[in-house]
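One structure is given below, encoded as structure tokens.
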Amino acid sequence: MKNQDIAISHGLTKQEYKKIVDYIGREPNFTEIGIMSAMWSEHCSYKSSKVHLKKLPTSGERIVQGPGENAGIVDIGEGICVVFKMESHNHPSFIEPYQGAATGVGGILRDIFTMGARPIALLDSLRFGSPDLAKTKYLIEGIVSGIAGYGNCIGIPTIGGEIYFDKCYDGNPLVNVFALGITKKDEIFRGYATGVGNPVLYVGSKTGRDGIHGAVMASETFTEESEEKRPAVQVGDPFTEKLLLEACLELFRTDAVVGIQDMGAAGLTSSSTEMAERAETGLEINIDNIPCREKGMTPYEIMLSESQERMLIVLKKGKEHIAENIFKKWSLDSSVIGKVIKQRSLILNKNGKVECNLPIDIITKEAPYYDREFSKPKYLEDIYNNFTFKQPDNYNDIVLNLLSSPNLCNKKWVFEQYDHMVRTNTVCPPGSDSSIVRIKGTNKSIAMTTNCNSKYCYLDPFTGSMIAVAESARNLACSGAMPIAITDCLNFGNPENPEIMWQFKESIAGISKAASFLNTPIVSGNVSLYNQTESVAIYPTPTIGMIGLIEDSSKIVNQWFKNENDLIILIGNTHEEFGGSEFLKLLDNNNDYKPPKLNLEAENNVIKILLELIQNGIIISAHDISEGGLITAIAESCFTPDGPVGIKIGNPQKSTITEDAFLFSESQSRVIISLDKNKLKEFESTLNKQNIEYYLLGSVGGHKLTVNNIIDIPIIDVFNAWDKSFVKLLDNNHG
């Protein structure tokens, strides 16, 4: 086979191969082709997305490190920084659910502690196909077990996340994992290979043949043969990662480290070349010194292996013994495998022979990027603005069916698999608007959340993406946290399809507009393309992970009603907006309608007023209204950790909106709050000053969910419908 044919079989195009040959002035050998194909893959080079990613806001007064490093960093004061990032492990999790999800957790944790931070929290954002498919049950059980198995064993709590179901994910589930850590501002490390002559140290698990071509696989659409690619899925070992984490944090307390990077996608290839590129240096590596667990591994296999729990470290010359002693203490393999060189090249030697000599720039800076064609999807021609439907005969049945539907029912079966209390930092357990961890030694806490309504993004990617940002900020504000920064995970189909590229472009524009307006810059993230099987693409799913700062941990609020006779109030306006709603899905309406509109000024006002109300101790619960509308938010607020409580409410807007809109519309910028009736005047005074609309709905109490004269259900029946449906869904699905 000709070298060009080998390159094409590795995913490079003829034009890309020609660019490589022209740049280096010769034909690359087999090892070099493997390196170039991995680093020029979509997964590593972002060649279809970076022209649009440049439009995102990435700077702000709190930002210490934006995109381009292993993770983003924000300053929260008192010399403390928060390090966080979200990444995808979609393709591996479809092929091998347990290991795909587990190694997704391991990889994102390494991104955090590589920066010098101790990881303290995980979130996961999961998307599955139709819940009645046997394949879906298999994927749920495998992926949840993988996340739990890795996180629980390493001792990092998984404290929140989200799960959605839609048939668009039948052939391509999404596994997006978020991790957050804490470090001091003067103890941050970065991935730079600086200092000519400095030694390069390999540490962690031995290199095996697992994960070879993982980055290339993640840059392809699925076909019927995809499941044959199980060898391309890495195998994780959380116990080794725990040792690696502690050993690296101990090493950071010495003065031996110059730069450090984990071996993620494309393994040793990406870690070495990216560190050299940032420092404008080169690396010379002796392949013979790399610890391998399998005999006869070639330079090609060693450089492209994605074996887990491995790090590449540049040390100060003469400090090798410090690192080696620490890693020996933690029973970890380590070996000096090379050195930093002035020549800006990656040089690989084996048995005295040069196996690779490539300029760093051709691997990294000269990677192609494409401003791909885009066109508005034809399916949007059938999206309608207005619609009519027959008013339900029985609202009681609608409420029970809505709360027991797959996207709205209680997912406790999932988060009960996770140890969310390990390390004793968790302030708010899974189930409220935000997940919260305290920062020990201070009065501060960090709130975090993940959000994306992909149906909204399918119907209108610009508005849907803005809503993902806005809902995240609203979630945080409901807990008393000031939103400060974003990490994103942008999941889309095949970018070579102009309609998919249009979705991506519009989504970036929506995220950019909302993040700029709400002052929540994007500091890290991940792009995952080619999420489709054959010609069927997923809905555009730009998952937003956002963090917020709580200066005074005594001011934290959660979503649950507290006391008998507390008043229930709606902040924000409701409109007749059912497009993409769970209510419309329940009615089995075959037409698609435009999603809710979003007024960013109104959203920002609601966020500010919530923070003021919480800071002044006026309200005692807050819950944002999103999927399922007001009735779902009300019911979820009734389902307290101590058991369900009843409520009685009415529709104060009866003359301007229908009962259906009041109950089920998914209008944005709305929040349900509760307060002691003695605080009502103070509440009204605060909102009237800001000219924000609010409506007194009713009060907490009794044993029923009662709305006007149309809904009257024992609250225990409502709770059971919501609480037991997910387990029934799994139990009933035997394929």
**Asked** Under 3.5 Å, is there a donor-acceptor pair between the side chain of Asp75 and the main chain of Val64?
**Response** no
**Side-chain heavy-atom pair Leu126, Ile147 within 4.5 angstrom cut-off** = yes
**Non-hydrogen side-chain atoms of Glu274 and Met39 separated by less than 4.5 Å** = yes
**Complete:** The side-chain contact (heavy atoms from CB on, under 4.5 Å) partner of Leu490 among Thr543, Ile508, Asn526 is Ile508
**Separation of Ile156 CD1 from Asn152 CG (nearest 0.5 Å)** = 10.5 Å
**Asked** Between the side chain of Gln308 and the main-chain N/O of Glu306, is any donor-acceptor distance below 3.5 Å?
**Response** yes
**Message:** Using side chain to side chain contact (heavy atoms under 4.5 Å, CB included), reason through Phe239 and Glu309 one step at a time and then give a plain yes or no.
**Reply:** CA-CA 10 Å; Phe239 300 105; Glu309 295 85 41; over 6 Å; no
**Request:** With Asn491 as reference, evaluate Thr541, Asn531, Asn90 under the side chain to side chain donor-acceptor pair (under 3.5 Å) test and give the passing residue.
**Result:** Asn90
**Prompt:** For Phe84 and Ser524, which heavy atoms make the closest approach, and how far apart are they?
**Reply:** O-OG, 3.0 Å
**Asked** Rounded to the nearest 0.5 Å, what separation is found between the OG1 atom of Thr240 and the CD1 atom of Ile154?
**Response** 10.0 Å
**Request:** Check whether any side-chain heavy atom of Pro542 lies under 4.5 Å from a side-chain heavy atom of Ser507, and answer yes or no.
**Result:** yes
**Prompt:** Can you tell me if Ser335 uses its side chain to pair, donor with acceptor, with the backbone of Asn289 under 3.5 Å?
**Reply:** yes
**Item:** Check ion pair Glu246-Arg118 (N to O, under 4.0 angstrom)
**Value:** yes
**Asked** Under 4.5 Å between any side-chain heavy atoms of His52 and Met501, yes or no?
**Response** yes
**Request:** Specify the closest pair of heavy atoms between Thr207 and Met297, including all atoms of both residues, with the distance to one decimal.
**Result:** O-SD, 3.4 Å
**Request:** Identify the residue among Val144, Leu122, Ile159 that makes a side-chain contact (heavy atoms from CB on, under 4.5 Å) with Tyr418.
**Result:** Val144
**Item:** Axial cation check for Tyr17 ring with Lys2, 6.0 Å and 45° limits
**Value:** no
**Message:** Can you confirm whether Lys19 is buried at NZ, in the sense that more than 12 heavy atoms of other residues, nucleotides or ligands lie under 6.0 Å from that atom?
**Reply:** yes
**Complete:** Heavy-atom nearest pair, Lys47 first then Ser41, reads CE-C, 4.4 Å
**Message:** If you count heavy atoms of other groups shown closer than 6.0 angstrom to NZ of Lys365, is the number above 12?
**Reply:** yes
**Item:** Value rounded to 0.5 Å, distance of CD in Gln261 from CG in Leu268
**Value:** 11.0 Å
**Fill in**
Separation between CD1 (Ile188) and SG (Cys81), nearest 0.5 Å, reads 4.0 Å
**Message:** Checking Glu301 against Glu294 for the side chain to side chain contact (heavy atoms under 4.5 Å, CB included) test, could you report, in this order, the C-alpha distance in whole Å, the side-chain angles of both residues, the deciding distance, and whether it holds?
**Reply:** CA-CA 11 Å; Glu301 292 173 323; Glu294 298 182 50; over 6 Å; no
**Request:** Would you indicate whether Lys339, at its atom NZ, is surrounded by more than 12 heavy atoms from other residues, nucleotides or ligands within a distance under 6.0 Å?
**Result:** no
**Asked** His89 side chain to Val175 main-chain N or O, any donor-acceptor pair under 3.5 Å?
**Response** no
**Asked** Within a strict 4.5 Å, meaning less than it, do heavy atoms of the Asp111 and Glu87 side chains meet?
**Response** yes
**Complete:** d(Asp488 CG, Lys85 NZ) to nearest 0.5 Å is 10.5 Å
**Asked** Has the side chain of Asn172 got a donor or acceptor atom that lies under 3.5 Å from a matching backbone atom of Gln532?
**Response** yes
**Message:** Please find the pair of heavy atoms, one from Pro119 and one from Ala117, that lie closest to each other, and give the distance.
**Reply:** CD-O, 3.4 Å
**Prompt:** Would you find more than 12 non-hydrogen atoms of other residues, nucleotides or ligands less than 6.0 Å from Lys185 atom NZ?
**Reply:** no
**Message:** Tell me if a side-chain donor or acceptor on Ser125 pairs with a main-chain N or O of Asn176 at a distance below 3.5 Å.
**Reply:** no
**Message:** Between Leu180 and Ile120, is there a side-chain heavy-atom distance shorter than 4.5 Å?
**Reply:** yes
**Prompt:** Just by distance, with hydrogens left out, do Asn349 and Glu284 show a side-chain donor and acceptor under 3.5 Å apart?
**Reply:** yes
**Message:** Return the OG1 to CE distance between Thr450 and Met546, rounded to the nearest 0.5 Å.
**Reply:** 11.5 Å
**Message:** Let's go through Val437 and Met448 carefully: what are the C-alpha distance in whole Å and the side-chain angles of both, what is the deciding distance for side chain to side chain contact (heavy atoms under 4.5 Å, CB included) to 0.1 Å, and is it a yes or a no?
**Reply:** CA-CA 9 Å; Val437 291; Met448 59 205 87; 3.6 Å; yes
**Fill in**
Glu355 and Asn29 have their tightest heavy-atom pair at O-ND2, 2.9 Å
**Request:** Would you sort out whether His10 and Tyr300 count as a ring-ring contact (aromatic ring centres under 6.0 Å, His included), showing the intermediate values?
**Result:** CA-CA 13 Å; His10 278 65; Tyr300 172 96; 5.8 Å; yes
**Message:** Quick check on side-chain contact (heavy atoms from CB on, under 4.5 Å): which of Asn198, Leu315, Val340 does Val258 satisfy it with?
**Reply:** Asn198
**Message:** Let's go through Val83 and Gln65 carefully: what are the C-alpha distance in whole Å and the side-chain angles of both, what is the deciding distance for side chain to side chain contact (heavy atoms under 4.5 Å, CB included) to 0.1 Å, and is it a yes or a no?
**Reply:** CA-CA 9 Å; Val83 182; Gln65 177 66 58; over 6 Å; no
**Item:** Trp330 side chain to Lys242 backbone, donor-acceptor under 3.5 Å
**Value:** no
**Message:** Do Asn70 and Thr114 pair up side chain to side chain, a donor and an acceptor below 3.5 Å, judged on atom types alone?
**Reply:** no
**Request:** Determine yes or no for a side-chain-to-main-chain donor-acceptor pair under 3.5 angstrom, with Thr269 supplying the side chain and Ile35 the backbone.
**Result:** no
**Item:** Partners meeting ring-ring contact (aromatic ring centres under 6.0 Å, His included) with Phe189 (sequence neighbours left out)
**Value:** Phe252
**Message:** When you compare the side chain of Ile285 with that of Ile290, does any pair of heavy atoms fall below 4.5 Å?
**Reply:** yes
**Message:** Looking at every non-hydrogen atom in both residues, tell me the closest pair between Ile212 and Ser305 and how far apart they are.
**Reply:** CG1-CA, 3.8 Å
**Asked** Does atom OH of Tyr23 have more than 12 heavy-atom neighbours, drawn from other residues, nucleotides or ligands, at distances under 6.0 Å?
**Response** yes
**Message:** Donor-acceptor check, side chain of Asp210 to backbone of Val235, threshold 3.5 angstrom: yes or no?
**Reply:** yes
**Request:** Measure from the side-chain N and O atoms of Arg278 to the backbone N and O of Gly191, and report whether any donor-acceptor pair falls under 3.5 Å.
**Result:** yes
**Prompt:** Hey, which of Tyr46, Phe492, Tyr530, Tyr370 is the one that makes ring-ring contact (aromatic ring centres under 6.0 Å, His included) with Phe504?
**Reply:** Phe492
**Item:** Sub-4.5 Å side-chain heavy-atom contact between Ile313 and Phe327
**Value:** yes
